[in-house]
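Only heavy atoms go into these numbers, but all of them, side chains included; no hydrogens, no water, no symmetry mates. Order of the sequence lines fixes the chain letters, A, B, ..., with proteins taken first and strands second; residue numbering starts at 1 for each chain.
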Protein chains: 2
Amino acid sequence: MSTGSAGPAAAPRPRDQADVRRHNAAAVMAALGAGPRSRAEIAAVTGLTRATVGSIVDELRSGGLLTEQGARVPRGVGRPGIDVALDPSGGAGVGVEINVDGLSAVLVDLTGNVRHRASRPGDQRDRRAADVLRAAARLVDEAIGEAERLGLVARGVGVAVPGLVDLDAQVLRVAPNLGWREIAVPERMTRAGAGAWPAVTLDNEANLAALGELWSGGAGSRDSFVLVNGDVGVGAGVVLDGRLHRGSRGFSGELGHLPVAPEGPECRCGARGCLEQVAGLDWILRTAGLEDLVRSGVDPMSALVAELAAGDAGANAGVAAAGAALGVGISALVNLFDVDTVVLGGVYATLFPWLEQPVRAVVDRRVLSARWAPITVRASTLGRDAAVVGAARSALRDILLDPLGGAAA
Amino acid sequence: MSTGSAGPAAAPRPRDQADVRRHNAAAVMAALGAGPRSRAEIAAVTGLTRATVGSIVDELRSGGLLTEQGARVPRGVGRPGIDVALDPSGGAGVGVEINVDGLSAVLVDLTGNVRHRASRPGDQRDRRAADVLRAAARLVDEAIGEAERLGLVARGVGVAVPGLVDLDAQVLRVAPNLGWREIAVPERMTRAGAGAWPAVTLDNEANLAALGELWSGGAGSRDSFVLVNGDVGVGAGVVLDGRLHRGSRGFSGELGHLPVAPEGPECRCGARGCLEQVAGLDWILRTAGLEDLVRSGVDPMSALVAELAAGDAGANAGVAAAGAALGVGISALVNLFDVDTVVLGGVYATLFPWLEQPVRAVVDRRVLSARWAPITVRASTLGRDAAVVGAARSALRDILLDPLGGAAA
DNA sequence: TGAGTATGTTTGGGCGCTGAACGAATATAG
DNA sequence: CTATATTCGTTCAGCGCCCAAACATACTCA
């Protein structure tokens, strides 16, 4: 087997009182994710007693993760509660996305607000990896500087890449659309950075986009959905029961090479009619006659949207065809994973108004269970930012999941 | 949303010391699943201290779930340990499978041994549901009687059905191949049963087969695999990280209606070229010229295997074609779920020698990641029994996961 | 026979949750 | 304006659980 982890018999850690505390502290943090609440309300939501909540809140407050807000306006009989909220200055996460069509970075605080944003558009395919990593490192340096200016401490850096990531080794194994292979992105970026950085973690962009969507969707932790991230490549991040499913080797959600057009063009991967070939950004732009824009540094999406809005026939037909192909892929996803929601992200979020109809038509036809239970297809609320924001928040996840350990460190 | 469960805000239960105990007791049971061990060995495997293990073992022993075996032959210097093992008489589970081609039942004890087995072959499609349920109930009565004779207490009954199950309501929503709709199987079987039955739980056969495979595969709890269950219909049970994935509405693994042959025959579901139509048992038997056997009560599988072994051209070609179609479906599964193992169950287990080559050929071609990491395709170790045994063991799962609660009740 | 080693049990200590009681702050009734 | 009801946050004893260490037990080896 290739479990890859340590331990002679994969011993599942035993559990003791400290785990109880950890779990309940995380539950308190989660309860505050939706907004400020009084201790009594937290107790009601989590099922803990007020005594326990009080004790946990004290501890988290002294750790700087929570703040007490002024007494709230009374809402009825009885002593009014004092709202407790996530402390915006309790820590921040930096997210960077390295993508084919540009770099971007954000700074997100504990409450989930984006406090800083920067990007460097432009095709990265013709640049050397070292140059790209240096540019990305500069964006991180900027973000960390901005954090200090805002009185925040950057607790971690998350990096999103369009490729296959070895999470244990923290190495980008292969990113076909960038033409990269075997690059230790976190290590090299840290070396290229100016100051002292917190821990840098690497992950796949579709996975991070799904996490970003999960956390800002506001939806509960029992959610199941698939985020289909469109760019030059097409990937899917799969969230089942509120947990990201990564697959046994990190290949999960490999949607881009699902065969959807038996007679379609040949793909880099050797097969024929891969989804990526007939629904990827390159194909869409080519159909719309905009392929030359990419290398010129202009953001081609604005041009495409302009053409679509203007009713350009070629562009509209191209996007509709891409939507139909995408629908086939989504149908397979839904049939196998049985999620009731599919979220379109990346460029698909931008193109959603033009994609929705063709996708829905195919899905309604091909998804068996659609007759009993409707399938929701919607655009990502974060739009093209899903992956960067997800990367930044994933850096904060450790704090939210283990607030005590995080505060102590 | 359709979370369906109770609670105002989907409150995740808080955790207290009792949960710690529960968790650790379950860890002890799990450590003994692989065979008898001394307390010190259990401590080493679980990471608990010897003191804690001693206390938990005492409690479970007085609950009748564990037994002390005679002092083991010393294996070196030092005081020899005393082996502790799951108590075979600590409880048993009854499994029943209601399928298109017959009924079967097993009795399984805590250690996983099948202690009793019975079946009623014959096509169930032309019988009334009430008659079928009565016959199934008789099999359960028999198994419970047999349990008493063996000194076992039947702790639960699991029922496997080839259809869509509403787990909360415990109702079979639809079983196309049986022609059943909206049947409260557990309730009706319990009424039809002779004596007092323990709790009856209903689940989909592919899911239960996957669970059966998981538990008897001996593999650890971090396993990910898909069990593709072949019968008249084709279903898949998906196990990710050792947990069965059911999907948000129980439709997960709906593989039978994946389009694999665009020009194929029309399916009951309305689409064209569904996998089930070109790889299901009916199609295989028809191609082999054995379709008449089904209604005659003879087990057609033996006849088919005989023809295959004899080198019958039609039979061999039919199975090879089914294997190719199956390979397409499996490829989609692997690409999306990223499991490294696919297990063939049901009739596919029986036909595995003839299916292996055609399936593997297609999978190697269509699964992207196969180049980096090999995909294992193997036959179920339980063969056609996977679902029944899984059903029986699922009835014991509550005990294994919550041994203290189970013992107290 | 005595030293050495590993197993199983006992004991004291610490930690975290619970439940009940208590003071604090507000609304409502008279 | 005062008294009562209600809700919030805190305090405190009690209990259960795990851990670490010491102790008793059983076997090997010299």
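Counting any heavy atom pair closer than 4.0 Å across all strands shown, B:Ala40 reaches sugar-phosphate atoms only and no base atom. Residue A:Ser38 is in sugar-phosphate contact alone, with no base atom involved, counting any heavy-atom pair closer than 4.0 Å across all strands shown.
For A:Asp109, the side-chain hydrogen bond (donor to acceptor under 3.5 Å, both in side chains) partners at least two apart in sequence or on another chain are A:Thr111, A:Arg115. Legend: residues meeting side-chain hydrogen bond (donor to acceptor under 3.5 Å, both in side chains) with B:Arg39, ordered by chain and number and at least two apart, are B:Glu68.
Rounded to whole Å, atom C1' of D:dG16 lies 13 Å from atom CZ of B:Arg22. Per the geometry, CZ belonging to B:Arg21 stands 9 Å off C1' belonging to D:dC18, to the nearest Å. Look at CZ on A:Arg37: it is 18 Å from C1' on D:dG9, rounded to the nearest Å. Atom CD of B:Glu59 is separated from atom P of C:dG8 by 18 Å (rounded to the nearest Å). As rounded to whole Å, 8 Å separates atom P of D:dT10 from atom CZ of A:Arg61. Rounded to an integer number of Å, the gap from A:Leu48 CG to C:dG19 C1' is 14 Å. When the P atom of D:dC15 is taken as reference, atom CG of B:Asp16 falls 16 Å away, rounded to whole Å. Put simply, CD1 on A:Ile42 is 11 Å from P on D:dT10, counting in whole angstrom units.
Checking the phosphate oxygens (OP1, OP2) of D:dC17, no side-chain nitrogen or oxygen of B:Asn24 falls inside 4.0 Å. The phosphate of D:dA20 has neither OP1 nor OP2 within less than 4.0 Å of any side-chain N or O from B:Thr49. Residue A:Thr52 places at least one side-chain N or O closer than 4.0 Å to OP1 or OP2 of C:dT18.
Atom CD1 in B:Ile56 sits 14.0 Å away from atom CZ in B:Arg61 (nearest 0.5 Å).
Taking 3.5 Å as the limit, the base of D:dC17 and the side chain of A:Gln17 contain a donor-acceptor pair of atoms between them. Looking at B:Arg50, its side chain comes within 3.5 Å of the base of C:dG8 through a donor and an acceptor atom.
Side-chain contact check for B:Thr381 and B:Glu213: at least one donor-acceptor pair (N or O, by modelled atom type) lies under 3.5 Å.
Nearest heavy-atom pair, A:Gln170 versus A:Pro186, reported as atom, atom and distance to 0.1 Å: O-CD, 3.4 Å.
Taking the side chain as every heavy atom from C-beta outward, B:Val108 and B:Val114 approach each other to under 4.5 Å. With a 4.5 Å cut-off on side-chain heavy atoms, A:Val238 and B:Phe337 do not count as touching.
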Inset, instruction - Determine, for nucleotides 24-30 of chain C in 5'-to-3' order, which nucleotides have protein heavy atoms under 4.0 Å from the base (write B), from only the sugar-phosphate (write S), or from neither (write -). - result: BBBS---
